[in-house]
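We use all heavy atoms of the structure for the numbers below, so side chains are in, but hydrogens, waters and symmetry mates are not. Computed from a prediction, not measured in an experiment: that's the story for all the values here. Chain letters run A, B, ... following the sequence lines, proteins first and then strands; every chain starts at 1.
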2 protein chains.
Amino acid sequence: MDQQQISAYLLKNGVRPLQKRVKIMSYLVSKRNHPTVDMIYSDLIHEINGLSKTTIYNVLNLFVQSGVALALNIEGNEIRYDADTSTHGHFKCKVCTGVIDFRIKKEDLPNPMLEGFRIDEQHFYLKGVCSFCANKIEA
Amino acid sequence: MDQQQISAYLLKNGVRPLQKRVKIMSYLVSKRNHPTVDMIYSDLIHEINGLSKTTIYNVLNLFVQSGVALALNIEGNEIRYDADTSTHGHFKCKVCTGVIDFRIKKEDLPNPMLEGFRIDEQHFYLKGVCSFCANKIEA
DNA sequence: TAATGTTTTTATAATGATTACAAAAATATG
DNA sequence: CATATTTTTGTAATCATTATAAAAACATTA
Ligand SMILES: [Mn+2]
Ligand SMILES: [Mn+2]
Ligand SMILES: [Zn+2]
Ligand SMILES: [Zn+2]
C-alpha cells in the first residue's frame with residue numbers, strides 16, 4: 001500500500017488523510033509489528049520532524065474509533081495497535097515481548113449463547129514462549 | 001467455599017494462607033464479579049481494618065504467579081481479577097462496564113498451527129452491550 | 001492571493017494505575 | 001520469651017495516558 005492507497009482508505013472510512021495520519025497508518029501497515037505508542041514514536045521521530053507523542057495518541061484513538069485500527073489489550077500495562085482489522089488471533093511471547101498474528105476463520109471461533117447481547121468485538125490471544133525463544137532457552 | 005477450604009486451596013498451591021490473603025480470595029470466589037483492585041479495596045476496607053491498597057496489589061500479584069487467579073486484560077486501563085482459572089470466556093459490556101463469564105470447552109477454542117511454541121495461557125473475550133443494557137436503550 | 005474560521009498539532013501539566021521502598025507489624029522458629 | 005523471617009503499610013516514585021490551551025496547519029471565501 002502506497003501513500004495514495006492509504007489516503008483513499010482513510011477517506012473512505014471518514015478519516016481526513018492528513019500527512020501525519022497517513023505516515024502513521026503507513027507505519028502500521030508496513031511494519032505489522034503491533035507497536036505501542038512509544039515504539040511508533042521512537043521509530044517515526046527521525047522521519048517526521050517535530051512529531052509529538054500526543055499526536056500519536058490522538059491519531060491512534062481516532063483510528064480505533066473510525067474502525068481502521070484495533071487496540072489490543074494483551075498485557076495490562078500496554079496497548080498495542082493493529083491496522084489489520086480482519087478476524088485473526090495474536091500470540092505474545094513472554095521472552096522477546098513480540099506479538100505475532102495467526103489466522104483463524106471467523107467460523108472457528110466459539111459461538112457462546114448470549115441471548116440478546118450485541119457483540120461488537122471478538123478477541124482471541126495466547127501467551128507463552130515463541131519457537132525462536134524456546135530454541136534459545138533449550139540450547 | 002468457606003475459609004477452611006480456601007486456606008487448604010491456597011496451601012496446596014504454595015500460598016501461605018494468611019488472614020488477608022484468605023479474605024481477598026474469599027471475596028473473589030464468592031463475588032465472581034471480576035473486580036479491579038479499586039473495587040476490592042472499596043468493598044473490603046469496611047470489613048478489614050487498616051487494609052492497604054498496596055497489600056491488594058501484592059496479594060493479587062502473588063495469586064496470579066501462583067496460578068490461583070487470572071489477570072484479565074480486556075480494557076487497556078484496568079486489570080480485572082478472576083479466581084476461576086478454568087477455561088472460560090468473558091464478555092465486557094461497554095454500557096454497564098460489567099464483565100460476565102460464558103462457558104466454552106477447551107476443545108472448542110481454535111487450535112492455531114504454532115510449531116515449536118509453548119502456550120501458557122489462552123484468552124477469549126468479547127465486547128459489546130449486554131442484554132440488560134440493550135433492553136434499556138431500546139425502551 | 002489575502003482574510004478568516006476551523007481543525008490539528010504541540011508542549012506542558014494533570015491524572016490514575018501500578019510499583020519501589022523502608023519502616024512497622026505479624027508470624028514463625030528455637 | 002527472644003530472635004529471625006515474612007508480610008503489611010504508608011509514602012513516594014514511575015509510567016502510560018488524557019486534558020488543556022496556545023501555535024500551526026489547513027480549508028473556505030472574498
Ligand atoms: Mn494482528
Ligand atoms: Mn471469569
Ligand atoms: Zn520470543
Ligand atoms: Zn450492560
Colleague: Tell me: CD of B:Gln19 to C1' of D:dT9, nearest whole Å?
Modeller: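 Taking atom C1' of D:dT9 as the reference, CD of B:Gln19 is at 15 Å.
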Colleague: Just compare C:dT19, C:dA28, C:dT18 and give me whichever is closest to any side-chain atom of B:Val37.
Modeller: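 Nucleotide nearest to B:Val37's side chain: C:dT18.
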Colleague: Determine, for B:Glu75 against B:Arg80, whether the closest basic-nitrogen to carboxylate-oxygen distance falls under 4.0 angstrom.
Modeller: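 Not counted as a salt bridge, because no side-chain N and carboxylate O are separated by less than 4.0 Å.
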Colleague: How close or far is atom C1' of D:dA25 from atom NZ of A:Lys20, stated in whole angstroms?
Modeller: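 It works out to 9 Å between those atoms.
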Colleague: Between atom CZ in B:Arg21 and atom P in C:dT27, what is the gap in whole Å?
Modeller: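 Roughly 11 Å, once rounded to whole Å.
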Colleague: Please determine, for the side chain of A:Leu51, which listed nucleotide (C:dT10, D:dT9, C:dT27) has the closest atom?
Modeller: C:dT10
Colleague: Picking from D:dT17, C:dA11, C:dT19, which would you name as closest to the side chain of A:Ile79?
Modeller: D:dT17
Colleague: What nucleotide among D:dT8, C:dT18, D:dA27 has an atom nearest to a side-chain atom of A:Arg16?
Modeller: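 The nucleotide sitting nearest to the side chain is D:dA27.
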Colleague: Please report the distance, rounded to the nearest Å, between CG in B:Leu10 and C1' in D:dT7.
Modeller: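 Rounding to the nearest Å, CG of B:Leu10 and C1' of D:dT7 are 15 Å apart.
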Colleague: Whole angstroms only, please: what is the NZ-P distance between A:Lys53 and D:dA19?
Modeller: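 Rounded to whole Å, this separation is 18 Å.
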Colleague: Between B:Glu75 (CD) and D:dT17 (P), how many Å, whole number?
Modeller: 13 Å
Colleague: Within less than 4.0 Å of OP1 or OP2 of C:dT8, is there a side-chain N or O belonging to A:Asn58?
Modeller: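 Checking A:Asn58 against C:dT8: no side-chain N or O falls below 4.0 Å of OP1 or OP2.
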Colleague: Are the charged groups of B:Asp108 and B:Lys106 less than 4.0 angstrom apart, N to O?
Modeller: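 No.
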Colleague: For a quick test of reading the model: is some side-chain N or O of B:Asn77 closer than 4.0 Å to OP1 or OP2 of D:dA16?
Modeller: no
Colleague: Consider only side-chain N and O atoms of B:His90 and B:His34, and report whether a donor and an acceptor are under 3.5 Å apart.
Modeller: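 The answer is yes; a qualifying pair exists.
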Colleague: Does this structure show an ion pair linking A:Arg103 with A:Asp84, if we count only N-O contacts that are shorter than 4.0 Å?
Modeller: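 Salt bridge between A:Arg103 and A:Asp84, a charged N being under 4.0 Å from a carboxylate O: yes.
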Colleague: Taking the nucleotide of DNA chain D with the closest heavy atom to each, which residue, B:Ile48 or A:Thr54, is nearer the 5' end?
Modeller: B:Ile48
Colleague: Could you tell me the separation between the NZ atom of A:Lys23 and the P atom of C:dT8, rounded to a whole number of Å?
Modeller: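 Roughly 18 Å, once rounded to whole Å.
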Colleague: Would you call B:Glu47-B:Lys23 a salt bridge at under 4.0 Å N-O?
Modeller: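 Salt bridge between B:Glu47 and B:Lys23, a charged N being under 4.0 Å from a carboxylate O: no.
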Colleague: Roughly, in whole Å, what's the span from CD1 in A:Ile56 to C1' in C:dT9?
Modeller: 12 Å
Colleague: If the cut-off is 4.0 Å, is B:Tyr57 near the phosphate of C:dT18, judged by side-chain N/O to OP1 or OP2?
Modeller: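 Looking at the OP1 and OP2 atoms of C:dT18, one of them is under 4.0 Å from a side-chain N or O of B:Tyr57.
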